[in-house]
Undergrad: 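One structure, pasted below without further comment.
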Amino acid sequence: MRTWITTGRGAMASEDELIEQRLAKRERLLSMSDAYPARVSRTHTAAEAVRAFLDAGEVENQVAVTVVGRVTAQRVMGKAAFLDLRDQGGRIQLHFRRDALDDFEHLDLVDLGDFLEVTGSVFRTRMGEVTVAVASWRVITKALRPLPDKFHGLSDIEARYRQRYLDLIANERSREIAFTRSRVVSAIRRFFLDRDFLEVETPVLQDHAGGAAARPFLTHHNALDRDLYLRISLELHLKRLLVGGFERVFEIGRVFRNEGISYRHNPEFTLLESYEAYADYHDVARMLEELLAYVAQDVLGATELVHGEHTISLAPPFARITYRQALLDHTGIDLDAHRSVESLTQVALERGVRPDEGASWGTVLDALMSEFVEPNLIQPTFIFDYPTELSPLAKRKVDDPAVVERWELFALGYELANAYSELNDPVDQRERMAEQAAKKSGGDEEAEVADEDFLVAIEHGMPPAGGLGIGVDRVVQLMTGERSLREVILFPTMRERQGERPHEHPGDAGDAAEVDAARTDVSE
RNA sequence: GGGCCCGUAGCUCAGUGGCAGAGCAGUGGACUUUUAAUCCAUCGGUCCUCGGUUCGAAUCCGAGCGGGCUCACCA
């Protein structure tokens with residue numbers, strides 16, 4: 001009868017039985033009325049109902065409410081029952097009495113997880129809980145699968161990520177993180193809009209995945225019979241908009257990098273990039289200080305936050321140190337004294353850092369920074385003036401062409417943001433893209449590709465500008481105090497489970513055939 | 001990708017070579033102010049998968065799958 005319900009992990013008798021019982025209750029509900037009405041009433045949320053009762057001086061039978069939500073607990077005592085009803089913002093207790101309800105017995109058809117619409121008046125129980133004395137009620141959604149344990153919740157981390165909806169039902173902390181993330185993104189957006197930045201959207205599907213050093217995902221457009229890459233950054237299109245005359249633009253968007261998955265890395269993550277004409281990287285640094293302080297104040301109500309054993313202060317100004325000085329301070333290496341790969345590799349080896357075969361000067365520097373400097377940058381710290389070799393899109397320092405006007409902001413030992421005085425000399429840009437292209441053909445999969453269309457764009461003139469990139473997920477991590485990136489991403493990328501198939505639905509066999517036919521049509 | 005740890009009922013977990021267990025949820029019963037309601041009874045298992053050792057494997061061994069932590073690369 002119900003062969004179309006699968007457990008998703010192969011048939012398991014007892015789970016099937018639970019579903020079977022709930023299906024039978026659904027049938028009984030449907031035979032009496034609708035268990036899935038399209039329209040429901042609601043006069044108060046749970047929190048509003050409590051508030052209204054308090055505001056009315058806690059007089060019983062005075063405050064009439066209609067509330068809706070999910071049943072999360074049932075305490076049935078023969079001729080009376082208490083149910084907990086939860087909505088997005090809170091929970092309220094319901095009291096059902098046999099002598100007050102014709103349909104009291106129909107509570108047998110209600111399971112944990114069902115949604116109810118309930119009308120009644122608010123009172124306070126002997127035990128002190130504000131409660132709705134139910135005068136009428138109905139099921140507005142019958143659930144077929146049981147919820148996680150009402151007391152222990154859902155603690156299996158894999159289940160929490162794969163079935164985040166259960167995590168959100170069971171774990172208050174997961175809800176908090178999701179709310180905080182939303183507030184962080186809203187605050188960031190408001191900050192830029194308030195400063196007259198134009199919010200734009202640029203292509204995810206691109207001919208060249210440029211603007212960062214990372215391996216892209218490849219996809220295919222059927223009608224054009226053409227491969228496309230998923231973007232790895234927002235940079236090159238936003239700069240085209242500077243050429244087009246916009247002076248302040250930003251985008252908050254998902255980018256995709258075809259790299260390892262870990263608690264610090266998800267293949268798709270949210271990047272914010274902004275570009276401001278006639279600003280330089282010092283201006284951008286000051287703006288970022290204001291931004292982070294603003295977001296922290298807005299979301300947390302303070303510019304200090306506790307993250308594990310550390311108390312982080314986001315009150316401007318942040319520490320500033322040059323790349324060269326930071327390396328000198330933490331390793332004793334003066335990069336100006338080791339301008340050749342051979343010399344630098346030698347001092348790296350002396351400190352136990354073994355660069356990859358054929359590593360370039362910049363790559364060795366990067367390894368030294370990652371090993372000795374970055375982990376120590378707990379309080380927000382700007383590292384200024386990067387080696388040109390590592391920064392093909394940033395403007396050179398006038399007094400030292402081996403260094404560019406670029407900074408990265410670190411906190412808690414990892415990178416939060418990255419900014420340049422943007423390179424707008426098309427001749428220099430063309431040369432540096434050519435260098436990257438040479439590296440790429442030399443086997444460096446993360447080297448940038450030359451983007452001719454972009455070069456043509458800036459040959460029309462791009463104004464001097466300061467650009468910024470922020471890892472939004474990491475800002476959320478910072479603001480929530482979470483250690484794992486997967487806790488701040490609602491649906492983190494997971495491996496495919498072995499033998500897992502999409503849940504089947506009625507008529508699946510026929511639908512599948514139609515889909516196949518449709519595909520054939522498209523490919524012709 | 002390397003190292004370490006984990007995978008037992010819908011959920012949370014015991015069980016480390018000898019009959020597959022508990023609490024919650026479910027089902028039946030008692031109970032008209034409970035709140036992890038309580039009490040009685042009861043249903044529920046591919047012990048992740050495959051192979052091996054053994055008279056006998058959830059337990060020991062090997063391989064695989066999935067997950068967590070960690071190291072390396074990346075934001």
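Lettering follows sequence order; numbering is per chain, from 1. Hydrogens, waters and symmetry mates play no part in the numbers below; they use all other heavy atoms, side chains included.
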Undergrad: Just to confirm, is there a sub-4.0 Å distance from OP1 or OP2 of B/A75 to any side-chain nitrogen or oxygen of A/Thr270?
TA: no
Undergrad: Determine which nucleotide pairs with B/C43, using a 3.5 Å limit on both distances of a Watson-Crick or G-U wobble pair.
TA: none
Undergrad: For the P atoms, the ones on B/G18 and on B/U59, what distance do you get once it is rounded to whole angstrom?
TA: 11 Å
Undergrad: Which nucleotide, if any, forms a Watson-Crick or G-U wobble pair with B/C31, using both distances under 3.5 Å?
TA: none
Undergrad: If you measure from the P atom in B/C61 to the same atom in B/G17, how many Å do you get, rounded?
TA: 12 Å
Undergrad: So which nucleotide from B/C11, B/A37, B/A72 ends up closest to the side chain of A/Pro148?
TA: B/C11
Undergrad: Could you list the donor-acceptor pairs under 3.5 angstrom formed between side-chain atoms of residues 409-418 of chain A and any protein atom two or more places apart in sequence or on another chain?
TA:
| unit_1 | atom_1 | unit_2 | atom_2 | d |
| --- | --- | --- | --- | --- |
| A/Asn418 | OD1 | A/Arg406 | NE | 3.0 |

Undergrad: Output the single nucleotide from B/A75, B/G68, B/C11 whose closest atom is nearest the side chain of A/Tyr161.
TA: B/G68
Undergrad: Does atom CD of A/Glu350 have more than 12 heavy-atom neighbours, drawn from other residues, nucleotides or ligands, at distances under 6.0 Å?
TA: yes
Undergrad: When all nucleic acid strands are considered with a 4.0 Å heavy-atom cut-off, which category describes A/Asn266: base, sugar-phosphate, or nothing?
TA: base
Undergrad: Specify the separation, in whole Å, of atom CZ of A/Arg264 and atom P of B/A75.
TA: 12 Å
Undergrad: Between A/Ile252 and A/Arg189, which heavy-atom pair has the shortest distance, and what is it?
TA: CD1-NH2, 3.9 Å
Undergrad: Mind listing the residues from residues 211-219 of chain A sitting with a heavy atom below 4.0 Å of RNA chain B? Number order is fine.
TA: A/Ala213
Undergrad: At under 4.0 Å between heavy atoms, what does A/Glu415 touch on the DNA or RNA strands: base, sugar-phosphate, or nothing?
TA: sugar-phosphate
Undergrad: Which base, if any, makes a Watson-Crick or G-U wobble pair with B/C4, both distances under 3.5 Å?
TA: B/G68
Undergrad: So which nucleotide does B/A57 pair with, by the Watson-Crick or G-U wobble rule with both distances under 3.5 Å?
TA: none
Undergrad: Once you measure the plane-to-plane angle for A/Trp407 and A/Phe382, does it fall in the parallel (<30°), tilted (30-60°) or perpendicular (>60°) bin?
TA: perpendicular
Undergrad: Within the structure shown, what part of the strands sits under 4.0 Å from A/Leu485 by heavy-atom distance: base, sugar-phosphate, or nothing?
TA: base
Undergrad: Touch check for A/Gly469, heavy atoms < 4.0 angstrom, all strands: base, sugar-phosphate only, or nothing?
TA: nothing
Undergrad: Can you build the contact string for nucleotides 23-33 of chain B? Use B for base contact, S for sugar-phosphate-only contact, and - for no protein heavy atom under 4.0 Å.
TA: BBSSS---BBB
